[in-house]
Protein chains: 2
Amino acid sequence: MMNMIQRKTRNPEQTRNDLLDAAYHEILESGFQAASLERILANTSVSKGALYHHFGTKRDLGLAVIEEVIGPQLEERWFTMLAQHDNPISGLYNLIAEKISHADESVIRYGCPLNNLIQEMSPLDESFRQGLQKIIERWVEVVAEALKEGQSAGQVRPDSNPEDIALYIVASIEGCVGLGKNAQSINAYQRCLRQLQVYIQSLAV
Amino acid sequence: MMNMIQRKTRNPEQTRNDLLDAAYHEILESGFQAASLERILANTSVSKGALYHHFGTKRDLGLAVIEEVIGPQLEERWFTMLAQHDNPISGLYNLIAEKISHADESVIRYGCPLNNLIQEMSPLDESFRQGLQKIIERWVEVVAEALKEGQSAGQVRPDSNPEDIALYIVASIEGCVGLGKNAQSINAYQRCLRQLQVYIQSLAV
DNA sequence: GAAGATACCGACCAAACGGTATATTGTCAA
DNA sequence: TTGACAATATACCGTTTGGTCGGTATCTTC
């Protein structure tokens, strides 16, 4: 076979990561169903053969993006930061504050990758739903755990259910991001999150 | 041409409504991009020719669903009901209570048609975004207006911005529906909305 | 009742899609 | 050095997609 324009050296790990990264962005921009493998390949200079060597189907690629890109991303940016504060109220408050001040264009334009996939895929594919749900549950659990410790330390009002509140906080965040995205407005995004801050402060004892 | 199996009598309005209704359900189940015209046609016994007589493109059909189905649906179920209460706190509270008790399977499975389309389409098509944003703005406006009147009547705390709170409430609702959908859990859905009720009550003077 | 407009029909089309088959090349253990 | 296998390349395939087109039936108007 002629004209084999191949990569100079083999690097399967790099190839796999390139694919995951390109797939992540393609999915963020177009959604999973409308994500085009051809476009992903064009953005990575990876051949179709290589793609199907690393991932059995488009679906497998999507599931890998959830598990290996979106999950870890949230874990880093959110969960470890929350653990650094010894007061959950100020911890959550500061986390939201950071979201408010770092309102970059990508969030306003494309919203939250996790929420996007939830709305699109969770009714259509049980494996997707479970992969996404695992991340959500972890998120809620981390917030709930912080609130519980805050209750023990007398920082959080004891008359409230940490699990329920954590669930609601996560829901509100996704809601704020979603509305900011549709308004295409940093202002709406910030105003919405600001109210969440007010709510969070009301949890203090 | 032989074998023209046509509808017995013409009824352009009915045909159009049938198409809008079927498209609404198809979009709710699959999203807009993955919505199949063939499937819509199969569910309506309308021919492709008839479809393209009433709607210029698939995009036009989608925009019509937003404007003529989703918009009015929310207007009926929400906006008129809120106007019936003379206290916005109890009005909003009851509206959420109704959502909690009427947690039908469709909401848990498919979520909110408005939010689904926002997350999928608003970054991809400016006309979609504007159509959806019009509905969101109306929603926020109705809630904000009710809160303002409540402030005047001394029912709502005066130290808060009705527009911001209204935005946040709408965002929270969408967030709760979205999480309930991903958890596939009526329980999570209800617990989440229950916290929103608590928040709403905290707005009372 | 003829003419013109409106509504509807179904075969067809090009493009894009995810996926497969087969060939080739790099890597590394034996 | 060689044999085996992992990694990569590309041509190709069947299906589905949104959309078009020439034609027909029905309704309205004069």
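Lettering of chains follows the sequences in order, A, B, ..., and the numbering in each one begins at 1. Any value given below was found using the heavy atoms of this structure, including those in side chains, with hydrogens, waters and symmetry copies removed.
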Specify the separation, in whole Å, of atom [atom1] of [X] and atom [atom2] of [N].
| X | N | atom1 | atom2 | result |
| --- | --- | --- | --- | --- |
| A:Leu61 | C:dG19 | CG | C1' | 14 Å |
| A:Phe55 | D:dT8 | CZ | C1' | 15 Å |
| B:Ile40 | D:dG19 | CD1 | C1' | 14 Å |
| A:His54 | C:dT20 | NE2 | P | 17 Å |
| B:Asn11 | D:dT28 | CG | P | 11 Å |
| B:Lys58 | C:dA16 | NZ | C1' | 13 Å |
| B:Leu41 | D:dT17 | CG | C1' | 12 Å |
| A:Gln14 | D:dA7 | CD | P | 14 Å |

> Which atom names give the shortest non-hydrogen contact between B:Pro123 and A:Lys181, and what distance separates them?
Replying inline: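 So the minimum-distance heavy-atom pair works out to CG-CE, 3.4 Å.
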> For B:Lys148 and B:Pro162, which heavy atoms make the closest approach, and how far apart are they?
Replying inline: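 Of all heavy-atom pairs spanning B:Lys148 and B:Pro162, the closest is CG-CG, 3.7 Å.
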>> Between B:Tyr168 and A:Tyr199, is the ring centroid distance below 6.0 Å?
In response: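 Not close enough - the centres of the two rings lie 6.0 Å or further apart.
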> Start at the 5' end of DNA chain C and walk down; is the nucleotide closest to B:Glu38 or to A:Tyr52 reached first?
Replying inline: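 Of the two residues, B:Glu38 wins.
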>> Which residue in the set B:Val107, B:Leu28, B:Ile27, B:Ile118 passes side-chain contact (heavy atoms from CB on, under 4.5 Å) when paired with B:Pro113?
In response: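 By the side-chain contact (heavy atoms from CB on, under 4.5 Å) criterion, B:Pro113 pairs with just one of B:Val107, B:Leu28, B:Ile27, B:Ile118: B:Leu28.
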Salt bridge or not for [X] and [Y], using N-O below 4.0 Å?
| X | Y | answer |
| --- | --- | --- |
| A:Arg77 | A:Glu98 | no |
| B:Glu126 | B:Arg129 | yes |
| A:Asp125 | A:Arg59 | yes |
| B:Glu29 | B:Arg39 | no |

Is the shortest side-chain N/O distance from [X] to OP1 or OP2 of [N] below 4.0 Å?
| X | N | answer |
| --- | --- | --- |
| B:Lys48 | C:dG10 | no |
| B:Thr15 | C:dC8 | yes |
| A:Ser47 | D:dA9 | yes |

> Quick one: does NZ or CZ of A:Lys58 land under 6.0 Å from the six-membered ring centre of A:Phe32, within 45 degrees of the ring axis?
Replying inline: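 Output yes; distance and angle both within limits.
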> Under a 4.0 Å heavy-atom cut-off, which of residues 21-37 of chain B touch DNA chain D?
Replying inline: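 The stretch gives B:Ala35, B:Ser36, B:Leu37 as the residues lying under 4.0 Å from the strand, ordered by number.
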Any N/O pairs under 3.5 Å between the protein and nucleotides 2-6 of chain D? List them or say none.
unit_1	atom_1	unit_2	atom_2	d
D:dA6	N3	A:Arg10	NH1	3.0

